[in-house]
Structures are given as structure tokens and as C-alpha cells.
There are 2 protein chains.
Amino acid sequence: MLSKTDAEGVRAHNRRIVIEHLRVRRRTTRRAAADATGLSLSSAAAITSALIRNGLVREIPEAEEDAPLARVGRRGRPERRIALLGEAAYVIAARVAVGEIAVRLSDYAGTSLAEATRETSIAGFDADAIAGVIAALIETVASEARLASCDRIGRIGRIVVAVQGKVDTSRGSIVWSPALKTRNIEIGPAIEARTGIGVGVENDCSLMPEGFRWDGSSVRSGLATILIGFGVGMGIAVAGDPFTARQRASTEFGHINHYPGGALCRCGNRGCVEAYAADYAILRSAGGAPPDEIIARRIDESLMHAIADRARAGEAQAAGAFETAGLALGYGLGRVFTLIDPLPLVFTGSGSHAMDLLEPSIRRGIAESAVAGEGADVPFTVVEDADALIFDAATNRALGDLDQVFAASERETRDAAE
Amino acid sequence: MLSKTDAEGVRAHNRRIVIEHLRVRRRTTRRAAADATGLSLSSAAAITSALIRNGLVREIPEAEEDAPLARVGRRGRPERRIALLGEAAYVIAARVAVGEIAVRLSDYAGTSLAEATRETSIAGFDADAIAGVIAALIETVASEARLASCDRIGRIGRIVVAVQGKVDTSRGSIVWSPALKTRNIEIGPAIEARTGIGVGVENDCSLMPEGFRWDGSSVRSGLATILIGFGVGMGIAVAGDPFTARQRASTEFGHINHYPGGALCRCGNRGCVEAYAADYAILRSAGGAPPDEIIARRIDESLMHAIADRARAGEAQAAGAFETAGLALGYGLGRVFTLIDPLPLVFTGSGSHAMDLLEPSIRRGIAESAVAGEGADVPFTVVEDADALIFDAATNRALGDLDQVFAASERETRDAAE
DNA sequence: AGACTTTTTCCAAGCCTCGTAAAAAATGGT
DNA sequence: ACCATTTTTTACGAGGCTTGGAAAAAGTCT
């Protein structure tokens, strides 16, 4: 059931869309905000002024104007440009992956301030131990960014954790992760208890499209991100409202069945996409190992590069491994496109280094499996650094969460106290 | 970008949720509406009173109360029960399928008033010819329901067409249909031009979950409908807001690839779910025909019943055909569940008569293809009459569209003129 | 210095929701 | 038969939000 609205709700909603506009156009004016949001000039001005009073937005002094050329020979009162105020709040993006926990601190304007990584196996850790590691990393980045003093760390308003593995977002728990031995670890509440900050827990691949959240056109047309690495994962943002993307939970693309009874996957099933397209699958296929062998050890990226080079040099078995991988990915994508709709694709992860080898067979797989081959011509983009993309995505999600909170309630101007 | 809200928007929204409440609880009171929607008593009363003035809602006279027992020995002023007024408007649900065009007239309260069918091949028809058939059928049902007089037929406020085949909802066109020879037929505008009534065009299978739109719990938990007949189709309603379900367009479940390079499908691809689970696939498999043979003719339902009976009697080849079909369905569902989430299932269509034969292998297929076999235990429901379900769905969609229009603008009380 | 232009702020009008008070309509007891 | 009680419904003023127009502010151009 939809919930009711009232006057306050209207204000909250309109504050929200103004903030959203500020996120997309990083610098704007009151008039531009009014035009873009459809609000009247009066309302847009009232809202922006309130946001300035609340310390969420600042007027940019002329001195800082990095584009004075725009204002040459224009008559009339010059516009006051406004932007989100970085110091208004801070957010933490955290990654939990096999062998590594990492944290990035960003300010409210979205600029990254500091990162810290702890390379360690957390296989045996419980929720509190993981929360401890993350809290320590937060201390590190906070002090690195000189936010160490007590009242300053309190300005961190939101933490979003991107986890490799299946999560339960509503409970903030890790249902299952390759990085962990035990299941159902309630990491969200544990971090909240330790830091006193609100925490969101998401699957890293599902979260990835959020990295393009305020890129304008990217998300408006919908978007799917595909991570090819030790596993295979996908994130989907349906066209239109980026907020609805929040609903989709567990797109376990890597474990969509490709070939019934096929190659053995780490998950125990047979024939998953991952069992053909992940690093370990390409490795075992290129090495001529039987498709029942599970390679549990961590695979060095340089090894994958070597196999790719062998394939590029024309070695049949290596080339065949990449072709098989591409076909599995293509069939999987064709199935998704048949179910949802063709979407532009963003590839990332170590496997994306071999897109020259994969692309032809991916497109062929889509053509063979989608109705009328639709979607075989969607645009491909490659983002090499998957970890950075995950950080971006988690940061954007955290900022969006914060926006919602800030829009909901007119905050007291605590900055006045300082 | 989200759009702004203002006071009028608030009223429209709140009117909407009151109407929605009236749809779910067919009879209610002002107080109950206030409680359910979260609105204050004043506002709920103001809105309901306005709806009554606008002729959308009626107060039920005591004489009509079918449950006087509820009001026994209760003190205080008795409540005025209210309900949607059937005569407020009328809607048309139309089905376009192979060999058949059918139409149902319903009133604003959702009660079906009349149906009419024209059994004919429309293979060579263009948009205007199809629109002509539908318009004629509308005349038939309108006169049957004694709405023939000119001002009365004008009370039909919305037409929703459920098409067998792929549609483009935004343009109101049939991209491709097994019932038609030509592609991209803009049926929506053609019907609008002929009748002057707003038209929505949807795929029949995608629309089906709308049949459960106001069933309370059904949609709240999400739902997938699966039609097994001459083809295989699916409709998905994601958990939560039933309105967002509107976004999903072309869930061509039947053409999700099941087995790469497998049995030949009518669509020309190999290995689609449909090529194993549709009527024609079961027929060819049970008959020992090669998996490359395409059966184009319409298959009589009694023939399928006969094959099912042979399978029940233990004939190996027939039983094997159903098992193969169930496995293909199960793998397809497992893939969907892996991508989206496990959902309760509603089966319909001629194939649902053989659910006793299919269910075990469907569940096995899900178990083998979904991560950790999740979703193998979702509840199955069978609705035998697929055509009726499609009618229900199209009617509900049309009523929902109308609700939105009526909620948006306070209409003049045209009933006062009568 | 004055005219002109553009941005920003200020203010009364119009909606909407909400809480409270008053009116309406039935029951139960005397 | 009449009055107190109970519950629903309506009426009304308060407060918040958006809006359009007027006024003020802050520049450029002649």
C-alpha cells in the first residue's frame, strides 16, 4: 500500500529533487535548479537558501570560480553559483572481499579523501571481528584526512559495505561469502553497534551500477555491469528511476545455469556461467584440466594475462577457453535480455583485460540465445579497475541514503555552533 | 529525474491511495479508510465525500447491506459503508490471440458485465482492420449490457489490449505476434482513433500478475505467473509496490535459452524453454518426432489430455516428454530465481492440467539450477482458465489506469446533469 | 551617472492536512 | 417514553508549502 503524503512530505520531496539536481550538475544556480526541477523560482530559492542555512550547500565565492569565461559580457546581476558543501558530512565505503578489507572516506560532495586496505584472510572471523577491522580502518582514514578529533568523526553519516557474496540487505547480514567460513554473519548491526553510524550492506556486483548514478545519461537508459574475475557477477539498473534499482537484491548472474549438467562450479551446481567464464574456469579449460576440477587457490592476475597472451598468439586451447567463456557469458546475457530488456553493458574486473578475446563470442552468444538476436549490438564499455568502481558505487549509495535523511527533516544549523 | 510535488499533487496522491483502499477492501467506511491509509479522519472524510460528489463512490443504503450480522448490539451512530460506484465508468479488456479476438466489458467496481468473442484468423489484418473487429465487439458487449445509447458508450474510459506476442507498450504497437503475418502493427492508436478512448497495449503473459493486483497478500509478496500452452510465457510482479511491476516489459520466458544448440524452437533459435515445454514440444517429444520438426498447426487440447493420460498410465515416451518439459521449465525458473528472487508461482494454460506430471521435474529443475537450490519449495498454484485470468488482468490494469486519471483531477459532477 | 538587464528576495493568495469542537444518529437503561 | 452514552460524521481555524508578481539587489552598457 502506498503511504499518504502531506505538506511536510512535499517539502521533503522537493528538497530531495533539488539535492539530486545538485549531485548531477555539480555546480548550479537557483534559477537553473528551478528550471531543471520544475519548481517555481520562489520555491527553488527558498529550498536552496534553507539548504545553505542547514549547512548542506554553499555559495561559491567568485574567487573560486574555475570557469570565469562563461561570464563574459553578460549583463544583469551575476548569478550566485551553488554546490554541495563537502564538509556537511562524510561517508564510508567499505569492501569486503576474499583476502582483503578496504575502506574509502569521502565527503558530502563526493570527493574521495582517503583509502586504507587491510590484506588478510577473514575466513574464521565473526561479525564483531570484521566490524573491528572496519572500525580500525575507519580510524585510519579519518586521521589521515585529519578528521580524527572526536566531534569530527561524528560527522560520518553513513557506511555502505559492498560484500563479495550473497547478502540480506534488510537484515544487514552476509548470508554467504567466499571470504568467510560461517554463514549468516550480521555484519551491519555489528558495525553500527561499534561506530554508532547507520550501515547498509550490499552485494558488490549488485551495487556497481550505482557508480554511474549521477552520470546523467548512463543510468537513464538503464545499465548492466558485469564483473569477470575469480567469480562472475552482474548488477542491473533498470531504465528510468534510479531509485527503483534499489529493489533488486541478488542478481547472481554467475550462477545462472548455462549448460545443464555441464562443468562443475564452485557453488556445487553444474553448468553455471561462472564455471565457464570465471578466472578459474578459463584457467582450467586453457590448461586442459577436466571440467570437474575445482581450483580453490587465489589466481594471480599475471597468470591470466599470460593465458590471454597465449590466446592472442594463436594457441588453440587458450583461445578456445576464452571463446567458451565468451559464449557462456553471451548466453547468460541473452537470457537476461530475454527476461528483462537489452541494456548497455559495462565490463570490469580482471577478465575485462581480455575483452578483445571475449567480445566476439559474447556477442555471438547473445545473438544465438536472445529472441531475434536482440541485444547483440548493445554498447560495451570497459572499466578496468573494479575495486575503484565498487568504491564509487558504495560511496554514491551512501550519499544517496544521506540525501534522503537530510531531505526528510530540516536539520538545525549545527554549523552555527562552531 | 524525479518530478516536483505541490499541494495539488498531494491531494491527487491521497485520493489515489483512498481509491486503492476501496479496491482492496471492496466495502469500507470513512474511518476504516483513514486508519488504513494513515490519513487523518478529517482528510479521509473530505476525500471520500469529494469522491461521492464526483460520482465515483456511493454510500451503500442499509437495505443493501448483505452482512447485517456485523452490526448487532453495537452502540453509537452506525457507520455509512461506502464502495466504488460501478456506473462511474466502464472499461474494456481485449484479448488478441491466434485465431481469436475477445472482449470483456466491466464496470468501475470491477464486475464483469458482458463478453464477446470472434473466432477468426487475423493473420493478414492491418492495424485498422483489427481495430475494426475490436470496435465491433465493443458495440456488441455494450448493447448486451444495455449501454448502447450514445452517451453511455462514452462512459467507457479505458481499453487495455492483451496481445499474444511481443508489444511496444510506449507506442501501443504489436512488434510481432504469432497471430499476425506483418510486424510493427500500431494497434493502440488505431483503436483510439476509431473509438476515441485511451488504449493500453500489453503482452498477455506480462500482464497476468495484474489479475491478482487487489488480492491483498498475493502481490505484496511478489508473484510470477507461468502460462503453458501453445507457447510458454511468464509475468512477474516484484514484491512491494505493485505499480513498479508496470515497468517490466518483455519477459519472454519461453524463449530464454535452456539448452545451447538444443531442440528447435518456433522462434528459429535452438534450445528455448518453449522448445521443450510448449504443447507442440511435448507433442513432438511424446510422439518420438525429431527435435527439429516444427508443428505449426493449432493443437487441440484434447490431444494433450490424451498424451497426459498416456503418461499417467505409465507409457515411457509420454512420461519422458513431460519430465523433459518440467525440467526445462524448472531450469528456466531456476535461472530467473537466480537473477531476481524466488517468487510464488501461478501456473495457467492448457499445460497446467498436467501439473501432476510436471511439478516433480519442475521442482527438480529449480533445485539443480538455482544457487543452493533456493526456490525449489515455492508455493505452486494452478488457475485453469488462462483466458479468464488474462481478462481479469487487463480489466484490473484498465481500472488502475482510470483510477490514476480520476485521482489526478477533481472531475466536475457530470452526474448532476443527468 | 543613468538606463537596462538579470538574479534574488519578499509577500499575499490559494491548497491541503490536521486537530478539535460540534452535530448527527443510533443504543441502553430508567 | 425519555435521557445519557457511544460512535460516526461534519465544520472550522491553524499551520505549512507552492506560486506568481512586485520589489530589491547587483552587475553591464552607453
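In what follows, every chain begins at residue 1, and chains take the letters A, B, ... in the order their sequences are listed. As a basis for the values below, the full set of heavy atoms in this structure was taken, side chains included, without hydrogen atoms, waters or symmetry mates.
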Enquirer: What's the closest nucleotide to the side chain of B/Ser49 if the choices are C/dC16, D/dT9, D/dT10?
Expert: D/dT10
Enquirer: Taking 4.0 angstrom as the limit, do B/Glu202 and B/Arg397 come out as a salt bridge?
Expert: yes
Enquirer: Can you measure B/Glu59 atom CD to D/dT9 atom C1' for me and round it to whole angstrom units?
Expert: 10 Å
Enquirer: Across the strands shown, which category fits A/Thr29 at heavy-atom distances under 4.0 angstrom: base, sugar-phosphate, nothing?
Expert: nothing
Enquirer: What integer distance in Å separates B/Ile82:CD1 from D/dT9:P?
Expert: 8 Å
Enquirer: If I take atom CZ in residue A/Arg16 and atom P in nucleotide D/dT18, what distance separates them, rounded to the nearest angstrom?
Expert: 16 Å
Enquirer: On DNA chain C, compare the nucleotides closest to A/Ala45 and A/Thr5; which residue's is nearer the 5' end?
Expert: A/Ala45
Enquirer: To the nearest angstrom, how far is B/Arg81 atom CZ from D/dT7 atom C1'?
Expert: 16 Å
Enquirer: Checking contacts here: which listed nucleotide (C/dC18, C/dC16, C/dT9) is nearest the side-chain heavy atoms of B/Ser42?
Expert: C/dC18
Enquirer: Between the base of C/dG19 and the side chain of B/Ser40, is one N or O donor paired with an acceptor at under 3.5 angstrom?
Expert: no
Enquirer: Calculate the interatomic distance between A/Arg15 atom CZ and D/dG16 atom P; express it in whole Å.
Expert: 14 Å
Enquirer: Can you confirm if the NZ or CZ of B/Arg104 lies within 45° of the ring axis of B/Tyr90 and under 6.0 Å from the centre of its six-membered ring?
Expert: no
Enquirer: With respect to the side chain of B/Asn14, which nucleotide from C/dT7, D/dT18, C/dT17 is positioned closest?
Expert: C/dT17
Enquirer: Starting at atom CZ of A/Arg11, determine the distance to atom C1' of D/dG15, rounded to an integer number of angstrom.
Expert: 14 Å
Enquirer: Rounded to the nearest Å, what distance is computed from the CG atom of residue B/Leu41 to the P atom of nucleotide D/dT8?
Expert: 9 Å
Enquirer: Thinking salt bridges, do B/Arg16 and B/Asp403 make one under a 4.0 Å N-O criterion?
Expert: no
Enquirer: Counting heavy atoms from C-beta on, name the nucleotide in C/dC16, D/dT19, C/dT8 closest to the side chain of A/Arg80.
Expert: C/dT8
Enquirer: Among the candidates C/dT20, C/dT17, D/dT18, find the nucleotide nearest to the side-chain atoms of B/Ile47.
Expert: C/dT17
Enquirer: Where the side chain of B/Arg31 is concerned, which of D/dA11, D/dT19, D/dT9 is the nearest nucleotide?
Expert: D/dT9
Enquirer: Side chain of B/Arg30, heavy atoms from C-beta onward: which of D/dT18, D/dT10, D/dG20 has the nearest atom to it?
Expert: D/dT10
Enquirer: Measuring from the side chain of A/Val10 (C-beta onward, heavy atoms only), which nucleotide among D/dT9, D/dC17, C/dT9 has the closest atom?
Expert: D/dC17
Enquirer: Using whole Å, report how far CG of A/Asp35 lies from P of C/dT8.
Expert: 11 Å
Enquirer: Check whether any side-chain N or O of A/Asn54 sits under 3.5 Å from a backbone N or O of A/Leu56 as a donor-acceptor pair, and report yes or no.
Expert: no
Enquirer: Is the closest basic N to carboxylate O distance between B/Arg213 and B/Glu210 below 4.0 Å?
Expert: yes
